[in-house]
Amino acid sequence: SGESVIFTVDGGGGSFGGGGNTTVTSGGNGIAEATLTTGTTPGNNDVTAQIVSSPLDTVQFRVTTVPGGISYYTVTPSATDTTAGDTVTVTVVAYDANNNQVTTDNTTQVTYTSSSVNVVLVPSSGTLTGGTSSFKAVDAVAESFTLTAKSNADTSKSGTSAVITVSANSADSLAYVSGRGTGVTAG
């Protein structure tokens, strides 16, 4: 008890009160405690604890972090300029509040919607696998629209694509009519 112990971050971006190390004094029970705030990126946070009066007495330990819960989605279409009737593949990726991909999520149900009633989505919902899902969008009308993905359990967890612009198809055939077009009897 009463020993000074220095805790030092060796890797991983963690910190002790904002710094790379902190010195504490062990209590009457001989335990020295310090609070490690891990880095914002998933992975290993390595720390060494060393008794100041006995530098050979060290302990190294590792805290492994994983992504946090879903905060938002990115909704990325394979094309933002397309032609009426073409299929656009859309990828949905879940991220936590620190912008880490939530690769550990394999169960969240997500619903897909369009800002246009003309767009057909297949499927209209899905389940994340490794934090991602995908669907296809087809619009037969020349217009612009966006696509949105939302968690079924918490619709505040969402994301919206960039604007997708659909152009009309070019003509694929011509009809030729002979004659003057006047004096034709109806029927």
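Residue indices begin at 1 and follow the sequence shown.
With sequence neighbours excluded, no residue forms a salt bridge (Lys or Arg N to Asp or Glu O under 4.0 Å) with Asp57. Judged as a ring-ring contact (aromatic ring centres under 6.0 Å, His included), and not counting sequence neighbours, Tyr73 has no contacts. Applying the side chain to side chain donor-acceptor pair (under 3.5 Å) criterion to Thr104, with sequence neighbours excluded, gives no partner residue. Taking Tyr95 as the reference, Tyr72 meet the ring-ring contact (aromatic ring centres under 6.0 Å, His included) condition, with sequence neighbours excluded. The salt bridge (Lys or Arg N to Asp or Glu O under 4.0 Å) check on Lys150 picks up nothing, with sequence neighbours excluded. Contacts of Thr103 classified as side chain to side chain donor-acceptor pair (under 3.5 Å), with partners at least two apart in sequence or in another chain: none. Checked against side chain to side chain donor-acceptor pair (under 3.5 Å), Thr35 has no partners two or more places apart in sequence or in another chain.
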Test log, rule side-chain contact (heavy atoms from CB on, under 4.5 Å), inputs Leu147 and Leu121 | CA-CA 9 Å; Leu147 300 168; Leu121 305 174; 3.7 Å; yes

Determine, step by step, whether Asn44 and Thr64 satisfy the side-chain hydrogen bond (donor to acceptor under 3.5 Å, both in side chains) criterion, reporting the C-alpha distance in whole Å, the side-chain angles of both residues, the deciding distance to 0.1 Å, and the verdict.
-> CA-CA 4 Å; Asn44 298 326; Thr64 302; 2.9 Å; yes

Would Thr146 and Thr160 count as a side-chain hydrogen bond (donor to acceptor under 3.5 Å, both in side chains) if you check the C-alpha gap in whole Å, the side-chain angles of each, and the deciding distance to 0.1 Å?
-> CA-CA 7 Å; Thr146 59; Thr160 300; 5.7 Å; no

Just do the side-chain contact (heavy atoms from CB on, under 4.5 Å) check on Phe145 and Thr165 with the steps written out, would you?
-> CA-CA 7 Å; Phe145 63 91; Thr165 302; over 6 Å; no

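Between the Asp154 side chain and the Ser156 main chain, a donor and an acceptor come within less than 3.5 Å of each other. Within the 3.5 Å criterion, the main-chain N or O of Thr129 finds a donor-acceptor partner in the side chain of Thr132.
To the nearest 0.5 angstrom, Ser4 atom OG is 10.0 Å from Ile51 atom CD1. Atom CG of Leu36 and atom OG1 of Thr38 lie 6.5 Å apart (nearest 0.5 Å). Atom CG of residue Asn106 and atom OG1 of residue Thr127 lie 9.5 Å apart, to the nearest 0.5 angstrom. To the nearest 0.5 Å, atoms OG1 (Thr65) and CG (Asn100) are separated by 8.0 Å.
Counted by atom type alone, Thr108 and Asp105 present one or more donor-acceptor pairs between their side chains at under 3.5 Å. For the residue pair Thr111 / Asn152, a side-chain donor-acceptor distance below 3.5 Å is found, with atom types taken as modelled. For the residue pair Asn118/Glu143, the side-chain donor-acceptor check at 3.5 Å is satisfied. Side-chain N/O atoms of Asp10 and Thr48 include a donor and acceptor closer than 3.5 Å.
Residues Val9 and Asn45 fail the side-chain proximity criterion, which asks for heavy atoms closer than 4.5 Å. Contact of the Thr107 side chain with the Leu128 side chain is not registered, since no non-hydrogen atoms from C-beta on lie closer than 4.5 Å. Looking at heavy atoms from C-beta onward, Pro67 lies out of side-chain contact with Gln101 at the 4.5 angstrom threshold.
In this structure, Pro123 and Ser134 approach most closely via the heavy-atom pair CD-O, 4.2 Å. For the residue pair Ala32 and Val5, the shortest heavy atom distance occurs at CB-CG2, 3.7 Å. Shortest non-hydrogen contact noted between Asp139 and Val119 is OD2-CG2, 3.6 Å.
With hydrophobic clusters built from ILVMFWY side chains whose heavy atoms lie under 4.5 angstrom apart, Val93 does not share a cluster with Val110.
When hydrophobic side chains of Ile, Leu, Val, Met, Phe, Trp and Tyr are connected at separations under 4.5 Å, Leu56 ends up as a singleton with no cluster partners.
Sorted by first and then second residue, the pairs that involve residues 105-126 and meet ring pair (Phe, Tyr, Trp, His ring centres under 6.0 Å), not counting sequence neighbours, are Tyr112-Phe135. Residue pairs meeting the ring pair (Phe, Tyr, Trp, His ring centres under 6.0 Å) criterion with at least one partner in residues 30-61, sequence neighbours excluded, are absent.
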Could you list the donor-acceptor pairs under 3.5 angstrom formed between side-chain atoms of residues 76-89 and any protein atom two or more places apart in sequence or on another chain?
residue	atom	partner	partner atom	Å
Ser78	OG	Thr89	N	3.1
Ser78	OG	Thr89	O	3.3
Thr89	OG1	Lys136	NZ	3.2

Pair up each side-chain donor or acceptor in residues 12-31 with any protein partner under 3.5 Å, not counting sequence neighbours, and list the distances.
residue	atom	partner	partner atom	Å
Ser26	OG	Gly2	N	3.1
Ser26	OG	Glu3	N	3.0
Asn29	OD1	Ile31	N	3.0

